[in-house]
Colleague: 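For reference, the structure I am asking about is given below.
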Amino acid sequence: MPVIIDGKATAARCNEETAREIAALKSLGITPGLAVVLLGDNPASQAYVRSKDKTCRELGMHSRKIELPAATSQSELLRLLAELNADPSIHGILVQSPCPQHIDEAAVVRAIDPRKDVDGFHPLNVAALAMEDPSALVPCTPLGCLELLRAYDIPTRGARAVVVGRSLIVGKPMAMLLLAKGTDATVTVAHSRTSDLVAVTREADIVVAAIGRPHFLGADHIREGAVVIDVGINRIDDPADPRGYRLVGDVDFAAVAPKCRAITPVPGGVGPMTIAMLMRNTVRACRGLTGRK
Ligand code: NAP
């Protein structure tokens with residue numbers, strides 16, 4: 001039977017540690033603060049933002065949830081970010097993705113003070129991750145995946161890892177983290193132009209799926225004894241569910257799990273870790289900004 005990697009329990013343990021760090025900072029008169037900016041009323045984004053705000057408060061942090069109309073202009077958003085950059089009560093800033101089409105997301109990311117860039121998307125943080133600079137703020141989802149591998153003592157040194165997906169948010173930083181000294185995996189990154197994906201993923205000891213296609217990786221893609229980390233969150237119609245839909249990953253869990261040494265479920269795998277790593281990043285950013293390293 002495979003080990004089912006429990007992201008909820010692992011995230012709860014990470015959050016306990018973060019809460020202790022927050023309490024220690026508070027005893028010095030410092031309260032870490034996170035600002036989350038949401039443009040528009042995308043229901044999935046609203047749910048993510050609510051959950052980030054709630055966790056922040058539960059851990060004892062200052063949280064500012066800023067909800068703006070979808071029609072907010074680029075210059076209004078940049079003015080707000082400049083204000084948040086200058087606000088000493090805010091140590092982490094994120095703009096919930098996706099933004100409305102008229103917003104230039106790359107320019108928005110560059111407008112955030114890199115020291116407050118808790119999503120780790122600013123070019124300076126991307127470069128710092130590539131350079132293995134320990135001060136880098138690293139994107140939360142791949143950081144959460146790595147934390148799960150560590151929490152379950154899954155060896156990475158010399159392991160063959162295949163990351164399916166090359167986005168700036170998940171695939172590329174995941175590949176860099178797996179490749180970094182200390183993690184030491186041999187990494188292949190696959191994408192929509194990869195030929196014979198089955199042959200590529202079947203070589204892997206560790207497969208990270210970040211594709212955005214429900215149940216895309218099946219039993220054929222995975223070799224016996226592999227570890228599978230499923231980043232995907234996809235809504236599929238389900239008349240039996242009161243919401244009319246349910247969430248599934250990029251991996252066909254029922255078909256793949258029996259072959260695996262360990263696998264993350266969806267929901268309850270990588271998702272909770274993303275928020276836990278956001279909380280951790282905010283505390284790190286706060287330490288950096290206040291000189292409490
Ligand atoms: P994305 O930006 O759309 O990237 C998807 C990647 O998958 C692309 O690199 C794409 O290749 C690749 N791909 C698409 N079709 C493929 C195919 N047929 N074969 C091989 N590769 C293929 O998505 P993302 O932002 O990385 O997110 C991926 C998934 O993770 C989504 O389901 C998203 O909802 C989920 N997610 C979850 C969390 C979490 O907290 N759990 C956080 C972020 C994202 P090309 O580059 O060639 O197009």
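First listed ligand is number 1; within each ligand, the first listed atom is number 1. These figures come from a predicted structure and were not determined experimentally. Only this structure's heavy atoms are used, side chains among them; waters, hydrogens and symmetry mates stay out.
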Colleague: What protein heavy atom is closest to atom 9 (O) of ligand 1, reported as residue, atom name and distance in Å?
Modeller: Arg166 N, 2.8 Å
Colleague: Which protein heavy atom lies closest to atom 3 (O) of ligand 1, and at what distance to 0.1 Å?
Modeller: Ile211 O, 4.4 Å
Colleague: Do Val231 and Val208 come close enough that some side-chain heavy atom pair is under 4.5 Å?
Modeller: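 SC-SC contact between Val231 and Val208 confirmed.
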Colleague: With a cut-off of 4.0 Å, which atoms of ligand 1 are near a heavy atom of Asn234?
Modeller: 32 (O)
Colleague: Could you pull out, from Gly232, Pro142, Ser167, the option with a heavy atom nearest to atom 4 (O) of ligand 1?
Modeller: Ser167
Colleague: Which of the listed options, Leu247, Leu197, Ile233, holds the heavy atom that is closest to atom 33 (C) of ligand 1?
Modeller: Ile233
Colleague: Which residue holds the protein heavy atom closest to atom 21 (N) of ligand 1, what is that atom called, and what is the gap in Å?
Modeller: His191 C, 3.1 Å
Colleague: Looking at ligand 1, is there an atom of it that comes within less than 4.0 Å of some heavy atom belonging to Ala210?
Modeller: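 Yes, that is the case, since the closest heavy atom of the residue is under 4.0 Å from the ligand.
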Colleague: Starting from atom 31 (C) of ligand 1, find the nearest protein heavy-atom neighbour and note its residue, name and distance.
Modeller: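 For atom 31 (C) of ligand 1, the nearest protein heavy atom is Gly212 CA, 3.5 Å.
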Colleague: For ligand 1, which atoms have a heavy atom of Val270 less than 4.0 angstrom away?
Modeller: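 Checking each atom against Val270, I get 41 (N).
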Colleague: As an exercise, identify every atom of ligand 1 less than 4.0 angstrom from a heavy atom of Thr274.
Modeller: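 Once the distances to Thr274 are compared, the set is 39 (C), 40 (O).
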Colleague: Check whether any side-chain heavy atom of Asp53 lies under 4.5 Å from a side-chain heavy atom of Val36, and answer yes or no.
Modeller: no
Colleague: Which residue owns the protein heavy atom closest to atom 17 (C) of ligand 1, what's the atom, and how far is it?
Modeller: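 Here the closest protein heavy atom is Phe216 CZ, 3.7 Å.
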Colleague: Starting from atom 42 (C) of ligand 1, what is the nearest protein heavy atom, named by residue and atom, and what distance separates them?
Modeller: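 Heavy-atom neighbour on the protein nearest atom 42 (C) of ligand 1: Thr141 OG1, 3.2 Å.
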Colleague: Is there side-chain contact between Lys65 and Leu38, with heavy atoms separated by less than 4.5 Å?
Modeller: no
Colleague: Is there a side-chain contact between Phe253 and Val266 in this structure, where contact means two heavy atoms from C-beta onward sitting under 4.5 Å apart?
Modeller: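 Phe253 vs Val266: side chains apart.
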Colleague: Is Thr194 touching ligand 1 with its side chain, its backbone, both, or neither, if touching means heavy atoms under 4.0 Å apart?
Modeller: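 No part of Thr194 comes within reach of ligand 1.
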Colleague: Between Ile66 and Leu34, is there shared hydrophobic-cluster membership here, with clusters defined by ILVMFWY side-chain heavy atoms closer than 4.5 Å?
Modeller: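 Ile66 does not cluster with Leu34.
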Colleague: Going from SG on Cys286 to NZ on Lys116, what distance comes out if it is rounded to the nearest 0.5 angstrom?
Modeller: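 Result: 10.0 Å between the selected atoms.
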Colleague: Rounded to the nearest 0.5 Å, what separates atom NZ in Lys52 from atom CD in Gln96?
Modeller: 3.5 Å
Colleague: Is Gly271 in contact with ligand 1, taking contact as a heavy-atom separation below 4.0 Å?
Modeller: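 Yes, Gly271 has a heavy atom closer than 4.0 Å to ligand 1.
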Colleague: What's the separation between atom CD in Glu76 and atom CG in Leu68, rounded to the nearest 0.5 Å?
Modeller: 8.0 Å
Colleague: Which residue supplies the protein heavy atom nearest to atom 37 (C) of ligand 1, what is that atom called, and how far is it?
Modeller: Val231 O, 3.1 Å
Colleague: Looking only at heavy atoms, is any part of Arg213 under 4.0 Å from ligand 1, and if so is it the side chain, the backbone, or both, or is it neither?
Modeller: side chain
Colleague: Side chain to side chain contact (heavy atoms under 4.5 Å, CB included) between Ile22 and Val283: does it pass, once the steps are laid out?
Modeller: CA-CA 7 Å; Ile22 292 166; Val283 171; 3.6 Å; yes
Colleague: Mark yes when over 12 heavy atoms from residues, nucleotides or ligands other than Arg280 sit less than 6.0 Å from its CZ; otherwise mark no.
Modeller: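 It does: Arg280 CZ has more than 12 such atoms within range.
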Colleague: Which ligand 1 atoms, with their elements, are less than 4.0 angstrom from a heavy-atom of Val170?
Modeller: 26 (O), 43 (C), 44 (C)
Colleague: Inspect the contact between Arg160 and Asp205 and indicate whether a charged nitrogen and a carboxylate oxygen are less than 4.0 angstrom apart.
Modeller: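 Looking at Arg160 together with Asp205, the answer is yes, because their closest N to O distance falls below 4.0 Å.
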Colleague: Please state which option from Ser192, Gly7, Ala44, Ser97 has its nearest heavy atom closest to atom 16 (C) of ligand 1.
Modeller: Ser192
Colleague: Taking atom CZ as the centre, does Arg157 end up with more than 12 heavy-atom neighbours from other residues, nucleotides or ligands that are less than 6.0 angstrom away?
Modeller: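 Counting other residues, nucleotides and ligands, CZ of Arg157 stays at 12 neighbours or fewer.
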Colleague: Heavy-atom contacts with Gly165 under 4.0 Å: which atoms of ligand 1 show up? List them by number with element.
Modeller: 6 (C), 7 (O), 9 (O)
